[in-house]
Amino acid sequence: QVQLVESGGGLVQAGDSLRLSCVASGRTFSEYSVAWFRQAPGKEREFVAALSSSGRVTYYADSVKGRFTISRLNAKNTMYLQLNSLKPEDTAVYYCARGKTPVATTDSHGMGYWGKGTLVTVSS
């Protein structure tokens with residue numbers, strides 16, 4: 001059973017930056033794609049960013065493109081989400097996920113494992 005544990009969330013002001021981390025258990029982290037999703041209060045969970053196992057293919061939601069960056073460090077079984085120029089509408093619980101295949105996907109059904117989430121609150 002793979003476990004994913006996020007960290008790095010918090011309360012920040014608009015325009016600030018944060019870096020979220022997600023550490024995965026197991027020995028096969030490098031063989032799978034990874035992704036971040038988020039769920040704002042009263043809204044459905046939505047895709048944020050995805051990264052292939054090789055690290056060469058990335059996808060971003062239009063709402064975060066140019067501001068957020070997804071990355072991974074396979075040697076540490078860790079994935080990251082750098083959040084810059086934060087806006088109040090970025091306020092949400094952020095979830096990391098490990099894909100079912102090496103191919104990056106924006107589809108939540110393509111994820112095999114999920115973290116429990118970390119809260120990011122952006123004040124105006």
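Starting from 1, each residue takes its place in the sequence as its number. This structure is a prediction, so every number in the text was calculated from the model and none was measured.
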_Minimum side-chain heavy-atom gap K76-F29 below 4.5 Å_ = no
*Below 4.5 Å, heavy atoms only, C-beta onward: do N84 and F68 meet side chain to side chain?*
no
*Quick one: OG on S108 to CD on E46, what's the gap to the nearest 0.5 Å?*
11.5 Å
_Applying side-chain hydrogen bond (donor to acceptor under 3.5 Å, both in side chains), can you list everything that pairs with K65, at least two apart in sequence or on another chain?_
D62
*How about Q3: does its CD atom have over 12 heavy atoms from other parts shown lying under 6.0 Å from it?*
no
_Short side-chain to backbone donor-acceptor contact, S21 and Y80, under 3.5 Å_ = no
*With side chains defined as the heavy atoms from C-beta onward, is the minimum distance between W36 and L51 less than 4.5 Å?*
no
*Find the distance between CG (N77) and OG (S30) and round it off to the nearest 0.5 Å.*
7.5 Å
*Should I70 and T58 count as side-chain neighbours, where that means a heavy-atom distance under 4.5 Å?*
yes
*Can you list every side chain to side chain donor-acceptor pair (under 3.5 Å) pair that touches residues 5-14, not counting sequence neighbours?*
none
*If we only count heavy atoms from C-beta on, is the T28 to R98 side-chain gap below 4.5 Å?*
yes
*Is the backbone of T91 close enough, under 3.5 Å, to the side chain of T121 for a donor and an acceptor to pair up by distance?*
no
*asked:* Is the shortest side-chain heavy-atom distance between L20 and L83 below 4.5 Å?
replied: yes
*Which hydrophobic side chains are connected to M111, either touching it within the sub-4.5 Å cutoff or through other members that do?*
F37, F47, V57, Y59, V93, Y95, W114, L119
_I need the minimum non-hydrogen distance between S52 and A104, along with the two atoms involved._
N-CB, 3.6 Å
*asked:* What's the separation between atom CD in E89 and atom OG in S124, rounded to the nearest 0.5 Å?
replied: 10.0 Å
*By side-chain contact (heavy atoms from CB on, under 4.5 Å) - contacts of P102 (at least two apart)*: S53
*asked:* Can you list everything that forms a side-chain contact (heavy atoms from CB on, under 4.5 Å) with K100? Sequence neighbours excluded, please.
replied: none
*Could you state the interatomic distance from OH (Y32) to OG1 (T101), rounded to the nearest 0.5 Å?*
9.0 Å
*Without swapping roles, check the side chain of S33 against the backbone of V103 for a donor-acceptor pair under 3.5 Å.*
yes
*Any sub-3.5 Å donor-acceptor pair from R38's side-chain atoms to V120's backbone N or O?*
no
*What residues form a side-chain contact (heavy atoms from CB on, under 4.5 Å) with R67, not counting sequence neighbours?*
V64, S85, K87, D90
_Within the structure provided, determine whether Q82 and S17 are in side-chain contact (heavy-atom separation under 4.5 Å)._
yes
